[in-house]
Amino acid sequence: MQAMAGPMSTNNADTYLVEEIQKGSQSAWRELISKYSGRLLAFARARTSSLSDAEDLVQDTFVGFLNSLGHYDPTRSLETYLFTILRYKLYDLLRKRKPNLLTEPEDASEWWDRIVPGNLETPSVVAAQAEATKQQSQLLGELLRELIHDFRDRSAFEDLQVIELIFFGGKRNLDVAELLDIDQKAVAGIKFRAIGKLQKYITERDPTAIACLDESQAEITVSNVWREQRLTCLKRSTLGSHLLGVLEEPWNAYTQFHLDVVACPMCLANLGDLETEQDDPASPDPDRFFQSSVGFLKKSD
Ligand SMILES: [Zn+2]
């Protein structure tokens with residue numbers, strides 16, 4: 001039951017860490033780096049041809065984080081925020097250096113690399129306009145979480161896999177049918193019923209928000225919310241248990257699905273990092289990132 005939706009749950013330790021960093025604490029900054037550098041590096045390494053490129057990207061990500069501290073929204077997952085900055089840095093590098101920098105994306109993770117990274121925190125100019133959207137996203141996130149819990153409570157894992165592949169994985173009905181070896185009409189039916197349920201939930205909770213789920217927009221809106229809030233991503237502790245082979249069913253099978261079939265790049269990065277930690281606890285050396293970024297740490301006013 002606790003296996004999923006880890007990265008989104010508000011993390012008090014992270015909130016505290018960021019508050020300390022905003023006050024200029026070097027030890028908090030060192031702690032953040034040692035906590036997150038491994039998984040960021042694993043993410044970058046999977047997408048760059050050289051280790052030094054990957055390290056530069058992670059370095060730029062940490063500096064970018066310090067420079068955007070004023071815009072950080074503590075209600076959002078710190079990990080997801082860092083991954084988002086990293087993806088921006090990757091895009092920048094790709095644009096500058098062009099194709100041969102990136103290794104051929106594996107088929108499974110290619111979908112993710114085609115998605116333009118989500119917005120970083122919105123500047124104040126458009127804040128008022130974005131606020132409504134943010135409220136709608138929060139509501140939709142809550143309702144989607146209810147829907148996902150409902151599927152899990154009923155052990156309707158196939159239905160859950162279908163909608164995860166569609167909304168999080170961006171797959172077409174046909175591909176989902178092939179991946180799960182079920183009928184394409186069944187896929188369409190599951191998707192249709194899921195959106196119908198969401199529309200019903202929204203009408204009950206806040207009828208004025210129903211517009212965000214109208215026919216033309218529903219799929220995109222749900223996808224954005226699911227990806228941004230990483231509704232079915234795995235807790236790091238769950239990935240650790242999976243790695244040790246001590247995760248119980250059905251969570252183990254579901255974890256395998258999220259990693260192998262959905263090929264979630266952020267959970268794969270966490271898994272890669274955990275594997276590296278297991279093999280070589282001293283790698284990577286977070287101190288390098290600390291030394292090269294600490295100069296950008298400044299006291300907020
Ligand atoms: Zn994930």
Side-chain angles (χ1 to χ4, degrees), residues 1-11 14 35-47 58 61 76-88 90 105-118 137 140-142 144-145 147-149 151-152 157-171 175-176 179-180 194 222-244 247-277:
M1 186 82 93
Q2 294 300 310
M4 289 189 271
M8 248 328 271
S9 50
T10 307
N11 186 324
D14 280 348
K35 183 171 176 185
Y36 289 106
S37 56
R39 63 195 81 172
L40 293 171
L41 195 60
F43 186 97
R45 284 202 74 175
R47 285 161 180 76
V58 173
T61 300
R76 293 207 177 151
S77 151
L78 176 59
E79 183 191 75
T80 305
Y81 186 61
L82 289 167
F83 275 128
T84 305
I85 299 175
L86 175 55
R87 292 183 62 213
Y88 268 105
L90 253 168
E106 294 164 34
D107 281 351
S109 64
E110 194 194 349
W111 61 272
W112 184 262
D113 294 324
R114 283 195 310 255
I115 302 168
V116 177
S137 303
L140 204 51
E142 274 171 44
L144 264 170
R145 225 169 263 130
L147 186 73
I148 290 165
H149 277 286
F151 279 125
R152 282 192 266 161
F157 286 102
E158 188 173 86
D159 290 12
L160 184 53
Q161 289 180 337
V162 165
I163 61 169
E164 181 171 346
L165 280 170
I166 290 172
F167 296 129
F168 186 75
K171 301 273 189 230
D175 301 321
V176 176
L179 280 166
L180 299 178
V222 173
S223 284
N224 286 342
V225 170
W226 197 311
R227 284 172 188 153
E228 192 182 277
Q229 304 190 19
R230 296 174 56 195
L231 296 171
T232 41
C233 276
L234 305 154
K235 281 185 175 175
R236 199 161 152 100
S237 55
T238 303
L239 289 167
S241 304
H242 173 71
L243 205 58
L244 294 170
L247 196 59
E248 286 172 26
E249 298 296 350
W251 306 118
N252 194 52
Y254 202 88
T255 299
Q256 202 72 57
F257 165 78
H258 189 71
L259 294 170
D260 292 349
V261 184
V262 182
C264 171
M266 289 162 294
C267 288
L268 284 170
N270 269 290
L271 185 75
D273 178 36
L274 286 167
E275 280 168 337
T276 309
E277 237 170 48

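Everything numeric in this text was worked out from a predicted model, so none of it was measured. All residue numbers refer to positions in the sequence shown, counting from 1. Just so you know, ligand 1 is whichever comes first in the structure, and atom 1 is the first atom listed for that ligand.
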Quiz item: Which residues and atoms, protein N, O or S only, are under 2.8 Å from the Zn ion (ligand 1)?
Solution: C233 SG, H258 NE2, C264 SG, C267 SG
Quiz prompt | Distance-only polar pair, side chains of E228 and N224, donor-acceptor under 3.5 Å | solution = no
Self-check item: Within 6.0 Å of CD in E248, more than 12 heavy atoms from elsewhere
Solution: no
Exercise. Measure from NZ or CZ of R39 to the centre of the six-membered ring of F43, then state whether that distance is under 6.0 Å and the direction lies within 45° of the axis.
Key: no
Practice problem: Could I get the full list of side chain to side chain contact (heavy atoms under 4.5 Å, CB included) partners for E142, not counting sequence neighbours? | Solution: R205
Exercise. State whether a side-chain donor-acceptor pair under 3.5 Å links S241 with W251.
Key: no
Quiz item: salt bridge (Lys or Arg N to Asp or Glu O under 4.0 Å) between K35 and E79: does it pass, once the steps are laid out?
Solution: CA-CA 10 Å; K35 183 171 176 185; E79 183 191 75; over 6 Å; no
